[in-house]
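Everything below concerns the one structure shown next.
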Amino acid sequence: MQSLKYLYRIGSGPSSSHTMGPIAAAKRFIKENPDAEEYKVILFGSLAKTGAGHMTDTALMRVFEGRKLTIEFDKDTPTDYHPNTMDFYAVKGDKTVKTRFYSIGGGEVIAKGEAASEHSEIYHLNSFTEISAYCREKEIRLWQYVEEQEGEEIWDYLRDVWTVMQDAIKRGIQAEGTLHGGLGLQRKARYLFRQKHIDESEETKTNRLICAYAYAVSEE
């Protein structure tokens, strides 16, 4: 398994492939073409069909703030390699530069023709059965196994992740109104969090709060 630092990454929600990925692509493209007079981004596939609801365009506009930008949602053209496909254009005078990016998940992007990055495996055991047996043999707890593989600095990183998660939940259970995307769907986290019943069992309460927290994060 890869490092927890790779699995738990902090970025703009609500979808790593629809926001973190396009943000990373935009930053890279601007860095490679800093002097363009105007930019254009065309979103294809899943990014085109669900990008508005996932605030892909909003995320891109934040990166291109102060620059002339046009965003198009092409819902009809088939994608050639990955459903999360986007074309970036930089225009300066009569010269246009184009780069096609793929948001391949977890906030990672690759340009057309590039291979996906290979992330080294920090954890070399292949199943929890093996990990459990290893911990019993060495008489250590699971968290000690994590520290053994990652180093003590993993706790500072995960502490930051936990803080961000808690903040997202707090915002989510306070937010009202409808979700982005134009479907008019009402937010559910606040409703579930406040929907208490006099005869509510502890099990029902726990399930209700877990659902509220899950909605809070997904609706961010």
Checklist line | D74 side-chain N/O to T77 backbone N/O, donor-acceptor pair under 3.5 Å | finding: yes
Check: Side-chain contact, heavy-atom cut-off 4.5 Å: I71 with L43?
Finding: yes
Checklist line | Check: Y213 side chain, F193 main-chain N or O, donor-acceptor pair, under 3.5 Å | finding: no
Item checked: More than 12 heavy atoms from other groups under 6.0 Å of CD on E153 -> yes
Next item on the list: Rounded to the nearest 0.5 Å, what's the gap from CE on M165 to CG on L158? Could you check?
Entry: 8.5 Å
Notebook entry, point to check: Take atom CD in E139; do more than 12 heavy atoms of anything else shown fall under 6.0 Å from it?
Noted result: no
Margin query: Determine whether a donor-acceptor pair (N or O, by modelled atom type, separation under 3.5 Å) exists between the side chain of S3 and the backbone of K5.
Written below: yes
Item checked: Smallest separation among heavy atoms of V109 and G21, with atom names -> CG1-O, 3.0 Å
Item checked: Test: R100 cationic atom under 6.0 Å from F44 six-membered ring centre, within 45° of axis -> yes
Note to self: Let's go through E152 and R159 carefully: what are the C-alpha distance in whole Å and the side-chain angles of both, what is the deciding distance for salt bridge (charged side-chain N to carboxylate O under 4.0 Å, His left out) to 0.1 Å, and is it a yes or a no?
What the structure shows: CA-CA 12 Å; E152 293 183 3; R159 192 174 293 111; over 6 Å; no
Next item on the list: Please report the closest heavy-atom contact between N84 and S17, naming both atoms and the distance.
Entry: ND2-CB, 3.6 Å
Next item on the list: Give the minimum heavy-atom separation between E150 and L4, together with the two atoms involved.
Entry: OE2-N, 2.8 Å
Margin query: Taking M86 as the starting point, is it possible to reach I104 by hopping between hydrophobic residues whose side chains are less than 4.5 Å apart?
Written below: no
Notebook entry, point to check: Would you call K112 and D80 a salt bridge, taking side-chain N to carboxylate O under 4.0 Å as the test?
Noted result: yes
Check: How long is the gap from OG1 on T56 to NE2 on H54, to the nearest 0.5 Å?
Finding: 7.5 Å
Next item on the list: Could you tell me whether E176 and R171 have a side-chain N and a carboxylate O separated by less than 4.0 Å?
Entry: no
Margin query: If I take atom CD from residue Q149 and atom CE from residue M1, how far apart are they, to the nearest 0.5 angstrom?
Written below: 9.5 Å
Next item on the list: Kindly indicate, with the supporting measurements, whether the criterion side chain to side chain contact (heavy atoms under 4.5 Å, CB included) is fulfilled by E72 and V41.
Entry: CA-CA 6 Å; E72 296 180 9; V41 180; over 6 Å; no
Check: Does the side chain of S132 pick up a donor-acceptor pair with the side chain of R136 at under 3.5 Å?
Finding: yes
Notebook entry, point to check: Y157, Y123: one ILVMFWY side-chain cluster at the under-4.5 Å cut-off?
Noted result: yes
Next item on the list: Please examine the side chains of I110 and Y81, heavy atoms only from C-beta on, and report whether any two atoms are closer than 4.5 Å.
Entry: yes
Note to self: Between E148 and Y134, is there a side-chain donor-acceptor contact under 3.5 Å, judged purely by atom types and distance?
What the structure shows: yes
Check: T206 side chain to E202 main-chain N or O, any donor-acceptor pair under 3.5 Å?
Finding: yes
Check: Does E200 offer a backbone N or O that forms a donor-acceptor pair with the side chain of T204 under 3.5 Å?
Finding: no
Notebook entry, point to check: SG/C211 to OH/Y191 distance, rounded to the nearest 0.5 angstrom?
Noted result: 12.5 Å
Item checked: Test item: E130 side-chain N/O and N126 main-chain N/O as donor-acceptor pair under 3.5 Å -> yes
Note to self: A side-chain contact here means heavy atoms from C-beta on lying under 4.5 Å apart; do E108 and M20 qualify?
What the structure shows: no
Check: Any luck finding a side-chain donor-acceptor pair between Y89 and N33 under 3.5 Å?
Finding: no
Check: Does a donor on one side chain and an acceptor on the other come within less than 3.5 Å for H18 and T50?
Finding: yes
Notebook entry, point to check: Side-chain heavy atoms under 4.5 angstrom apart, residues restricted to Ile, Leu, Val, Met, Phe, Trp, Tyr: same cluster for I131 and I154?
Noted result: yes
Check: So if you build clusters from Ile, Leu, Val, Met, Phe, Trp, Tyr with side-chain heavy-atom gaps below 4.5 Å, do I210 and Y215 land together?
Finding: no
Next item on the list: First locate atom CG of D57, then atom CG of L69, and finally report the distance between them rounded to the nearest 0.5 Å.
Entry: 9.5 Å
Check: Ignoring hydrogens and geometry, is there a side-chain-to-backbone donor-acceptor pair from Q2 to I122 under 3.5 Å?
Finding: no
Notebook entry, point to check: Taking the inter-plane angle between the rings of Y39 and F64 on a 0 to 90° scale, is it parallel (under 30°), tilted (30 to 60°) or perpendicular (over 60°)?
Noted result: tilted
Next item on the list: Give the minimum heavy-atom separation between V97 and F29, together with the two atoms involved.
Entry: O-CZ, 3.8 Å
Checklist line | Non-hydrogen atoms of L60 and P22 that approach each other most closely | finding: CD2-O, 3.6 Å
Check: Can you list the steps and then say if R141 with C135 is a side chain to side chain contact (heavy atoms under 4.5 Å, CB included)?
Finding: CA-CA 6 Å; R141 305 295 294 271; C135 289; over 6 Å; no
Item checked: Gap between atom CG of L209 and atom CD1 of I169 - 0.5 Å precision -> 10.5 Å
Checklist line | For W143 against W155, the heavy-atom pair lying closest together | finding: O-CZ2, 3.4 Å
Next item on the list: Carefully, step by step, assess L125 and Y145 under the rule side chain to side chain contact (heavy atoms under 4.5 Å, CB included).
Entry: CA-CA 11 Å; L125 298 178; Y145 170 70; 3.8 Å; yes
Check: Side-chain contact, heavy-atom cut-off 4.5 Å: R28 with F88?
Finding: no
